There are 2 protein chains.
Amino acid sequence: MRADARDNRERVLRAARAAFAEHGAQASLNKIAQSAGVGAGTLYRHFPTLGALLVAIIGDDVAALCEKGRDLLGHESPAEALRTWLRAVAVHATAMRGLVAARLAVPPAPHADAALAACQERIRATGAALLERAQRDGAVPGDIGIADLLTLVNAIAWVSEQAPDDEYLLDRLLALVRGMEPSAHEEGT
Amino acid sequence: MRADARDNRERVLRAARAAFAEHGAQASLNKIAQSAGVGAGTLYRHFPTLGALLVAIIGDDVAALCEKGRDLLGHESPAEALRTWLRAVAVHATAMRGLVAARLAVPPAPHADAALAACQERIRATGAALLERAQRDGAVPGDIGIADLLTLVNAIAWVSEQAPDDEYLLDRLLALVRGMEPSAHEEGT
DNA sequence: CCTCAAGCGGAGAGCCTCTCCGGTTAGGGT
DNA sequence: ACCCTAACCGGAGAGGCTCTCCGCTTGAGG
């Protein structure tokens, strides 16, 4: 890749990050290109689909989430580890203002780019490990599947995003999920 | 209201119902007007905002849902009554293809029309009665609030809508909500 | 039958996404 | 050091969207 191309790519990415943080899914790609100081054509050449742009933006976050998940596998309380991680997933999804939710929420992801699907899979695998541990521990019912659980968490993140005023909505809704009750018995203090 | 105006209003409503059923929230108001055989101006005169059009379309459904709720208050199992009703709410929200979810999901509803808010309130009141009964029965934990519960159901409806292929997703996700476990103990067969 | 307010509809402004292609330029080969 | 070309750029423009405005049409009361 030519140096100028790499440069433009970076600029677009920075502008996109800012635009998504400010306007959420409603951000205009037009304006992203403009505020990055490139033409629309350049934006679309680097990121042919919205999904491609997304993956480039959230790639690092996904990696961080997976690492956090691995760390949490060593946490003393399997149930609390799962809860903590799912909350992190939700917060991350919310930070992306529904954009991620809309694309990552549902496993089959109709028009998903391969890269987007890969992100999903990494999240899923990390979650599966945490969930399985919590289930072996008996703290979470065995009939719960990781895919549905993540879908539900994404839905919660999305809806919380619709009510930015209510900062505790996310936690209240997460607490409504089976196995996610906050102050569970296993603490026994 | 003049007879021709009433006529046009009806035609728009029919076209809108069809369009939302087919294309969901992505339906173009332009095309609705066109397929109703009226100009865009006519559509916007009758329904100044998307919310107004929505209320006109779902008004009947909301009434039906409330009536169903009242009937279910007489059901032998309070928990099952609540489950049944929430599922009906979710199915209705799904049928409207996310449109309702996007507007009705969150109680404060930022730009909500008064009429839309009234719909929400009627649903909320009906749900509150069913929930309270189930909680008195001890079948549903007492720390659950109806507003959050409905928000969560709307979120589930929305996300299910994103995966139209998976027809059981809605039920699986509902089953992940505390107090909504399907084959609960109270059946005792 | 006449009048005129109520109602109509489509042109158009101002957004958006996404494509296309002629002009520009980086940087490897000589 | 210079040239050549493939890679890259950007913006004009097509086509679609929402929503407004206003001159024309028409239902229906007097």
Side-chain angles (χ1 to χ4, degrees), chain A residues 1-57 96-100 102-103 110-113 115-116, chain B residues 1-57 96-100 102-103 110-113 115-116:
Chain A
M1 177 180 292
R2 255 165 57 170
D4 54 345
R6 166 184 300 271
D7 220 57
N8 275 333
R9 194 174 189 282
E10 286 301 317
R11 288 229 301 281
V12 168
L13 233 34
R14 264 199 303 277
R17 233 185 286 266
F20 285 143
E22 185 174 359
H23 302 106
Q26 273 67 46
S28 149
L29 297 187
N30 244 359
K31 288 186 176 167
I32 289 176
Q34 194 175 346
S35 90
V38 305
T42 301
L43 187 153
Y44 282 96
R45 195 167 341 94
H46 284 296
F47 308 102
T49 70
L50 186 57
L53 182 51
L54 254 186
V55 168
I57 287 180
M96 281 298 109
R97 301 272 214 130
L99 246 186
V100 180
R103 311 260 155 178
H111 330 290
D113 311 59
L116 206 47
Chain B
M1 177 181 289
R2 258 165 54 169
D4 55 344
R6 167 184 300 272
D7 220 58
N8 275 332
R9 192 174 191 283
E10 286 301 316
R11 289 230 301 280
V12 168
L13 233 33
R14 264 199 304 276
R17 234 184 286 266
F20 286 142
E22 186 174 358
H23 302 107
Q26 273 67 47
S28 148
L29 297 187
N30 244 1
K31 287 187 177 166
I32 289 176
Q34 194 176 345
S35 91
V38 306
T42 301
L43 186 153
Y44 282 96
R45 197 167 338 95
H46 284 295
F47 308 103
T49 69
L50 186 57
L53 181 52
L54 253 187
V55 168
I57 287 180
M96 281 298 109
R97 301 274 214 128
L99 247 187
V100 180
R103 311 261 156 178
H111 330 290
D113 311 59
L116 205 48

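These figures come from a predicted structure and were not determined experimentally. Letters go in sequence order (proteins before strands), and every chain restarts at 1. Excluded from the calculations below are hydrogen atoms, water molecules and symmetry mates; all remaining heavy atoms, backbone and side chain alike, are included.
Between B:L50 and B:L29, the closest heavy-atom pair is CD1-CD2, 4.0 Å. The shortest non-hydrogen separation linking A:G37 to A:R11 is O-NH2, 3.7 Å. Between B:A27 and B:A19, the shortest heavy-atom contact is CB-O, 3.9 Å. Considering all non-hydrogen atoms of both residues, A:F47 and A:A56 come closest at CE2-CB, 3.7 Å.
Dashed line: the shortest gap from a side-chain N or O of B:K31 to OP1 or OP2 of D:dG16 is not under 4.0 Å. Remark: A:H46 is in phosphate contact with D:dC9, judged by side-chain N or O atoms under 4.0 Å from OP1 or OP2. Within the 4.0 Å cut-off from OP1 or OP2 of C:dC15, not a single side-chain nitrogen or oxygen of A:S28 is found.
Legend: residues meeting side-chain hydrogen bond (donor to acceptor under 3.5 Å, both in side chains) with A:D4, ordered by chain and number and at least two apart, are A:R2.
When atom types are taken as modelled, the side chain of B:R17 and the backbone of B:I57 share a donor-acceptor pair closer than 3.5 angstrom.
Rounded to an integer number of Å, the gap from NE2 of A:H23 to C1' of C:dC15 is 14 Å. Residue B:I32 contributes atom CD1, which lies 12 Å from atom P of D:dC19 at whole-angstrom precision. Here D:dC19 presents its C1' atom at 16 Å from CD of B:Q34, a figure rounded to the nearest Å. Look at CG on B:L53: it is 11 Å from P on D:dT18, rounded to the nearest Å. The separation between B:R2 atom CZ and D:dG27 atom C1' is 5 Å, rounded to whole Å.
Residues B:F20 and B:I32 form a side-chain contact, since some pair of their non-hydrogen atoms from C-beta on lies under 4.5 Å apart. With a 4.5 Å cut-off on side-chain heavy atoms, A:H23 and A:K31 do not count as touching. Using a 4.5 Å heavy-atom threshold, the side chains of A:L13 and A:L53 count as touching.
Taking a 4.0 Å limit (strictly below) on heavy-atom distances, residues 3-15 of chain B reaches DNA chain C at B:D4, B:A5, B:N8. Sorted by residue number, the members of residues 38-45 of chain B with any non-hydrogen atom under 4.0 Å from DNA chain C read B:V38, B:G39, B:A40, B:G41, B:T42, B:R45.
Toward the 5′ end of DNA chain D lies the nearest nucleotide of B:N30, the other residue of the pair B:M1 and B:N30 mapping further downstream.
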